[in-house]
Amino acid sequence: MASKILKATTNITGLVVSKDPHYSLKLLYGKILRDLKKLPEAAAYRKFTEDVISSRLEHVENEPNIARLERKINCGQIEEVIVQAENELMCVRRMALNHVWEPLVAQAPANQWKWPIA
């Protein structure tokens, strides 16, 4: 279903108003969910990302009103949500490419996760 344009601008430099955010998000979320299946089922990133993306996809499919959809997703304007989805898709593909769920090839330095560094 094509969405009615509700605004002339996002008021964010370089971020144009989406002509059909429902279509864009369904496409992106479908790709993310498909690519997540390339990761092991037990991988934490896969489990948590599938939960978030599935929830958002359900909102996109069931809420035709853009303003209400933005409130339900609660991550900014719908155009920002589209950018987030594009970035998540790139992240999923990098995770699969780099096999991040596998054990480290060498022991991590003793204070690698300590912050701040003294």
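This structure is a prediction, so every number in the text was calculated from the model and none was measured.
- Between the OH atom in Tyr23 and the CG atom in Leu28 there is a gap of 9.5 Å [rounded to 0.5 Å].
- Distance check, rounded to the nearest 0.5 Å: OG1 of Thr10 to CG of Leu15 gives 4.0 Å.
- Linking ILVMFWY side-chain heavy atoms closer than 4.5 Å, directly or via other members, places Trp101 and Val92 in a single hydrophobic cluster.
- Not a single side chain to side chain donor-acceptor pair (under 3.5 Å) links Lys37 to another residue, sequence neighbours left out.
- Here Ala108 pairs with Leu104, Gln112 under the side chain to side chain contact (heavy atoms under 4.5 Å, CB included) rule; sequence neighbours left out.
- For Arg93, the side chain to side chain contact (heavy atoms under 4.5 Å, CB included) test picks out Lys31, Arg34, Asp35, Leu89, with sequence neighbours left out.
- Applying the salt bridge (Lys or Arg N to Asp or Glu O under 4.0 Å) test to Arg46 and every residue at least two apart in sequence or in another chain returns Glu50.
- Atoms CD and CD1, from Glu80 and Ile73 in turn, are 12.0 Å apart once rounded to the nearest 0.5 Å.
- The number of heavy-atom neighbours closer than 6.0 Å to CD of Glu102, taken from other residues, nucleotides and ligands shown, is above 12.
- One distance of note links CE of Met95 with CG of Leu39; it measures 7.0 Å at 0.5 Å rounding.
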> Stepwise, does the side chain to side chain contact (heavy atoms under 4.5 Å, CB included) test hold for Lys19 with Ser24?
Replying inline: CA-CA 9 Å; Lys19 291 183 173 110; Ser24 298; over 6 Å; no

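- The heavy-atom pair separating Ser18 from Pro21 by the smallest distance is OG-N, 3.2 Å.
- Between Ile78 and Leu25 there is a side-chain heavy-atom pair separated by less than 4.5 Å.
- Residue pairs that meet the salt bridge (Lys or Arg N to Asp or Glu O under 4.0 Å) test with at least one member in residues 58-67, sequence neighbours left out, are Glu63-Arg68, Glu63-Lys72.
- Taking every heavy atom of both residues into account, Thr9 and Asn11 meet most closely at OG1-N, 3.0 Å.
- Once rounded to the nearest 0.5 Å, the distance linking CG of Leu36 with CD of Glu41 reads 11.5 Å.
- At least one donor-acceptor pair closer than 3.5 Å links the side chain of Asn65 to the backbone N or O of Ala67.
- In the hydrophobic cluster analysis, where Ile, Leu, Val, Met, Phe, Trp and Tyr join through side-chain heavy atoms closer than 4.5 angstrom, Val83 is grouped apart from Leu69.
- Residues Ile12 and Gln77 are in side-chain contact: their nearest non-hydrogen atoms beyond the backbone lie under 4.5 Å apart.
- Applying the ring pair (Phe, Tyr, Trp, His ring centres under 6.0 Å) rule to pairs touching residues 28-68 yields nothing, sequence neighbours excluded.
- The closest side-chain heavy-atom distance from Val81 to Glu70 is not below 4.5 Å.
- Residues Ile66 and His22 meet the side-chain proximity criterion, which asks for heavy atoms closer than 4.5 Å.
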Any chance you could lay out the side chain to side chain contact (heavy atoms under 4.5 Å, CB included) test for Cys75 and Gln84, step after step, and finish with the verdict? CA-CA 9 Å; Cys75 284; Gln84 292 166 12; 3.5 Å; yes

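- Minimum interatomic distance between Ser54 and Leu33 (heavy atoms only, all atoms of both residues): OG-CD2, 3.8 Å.
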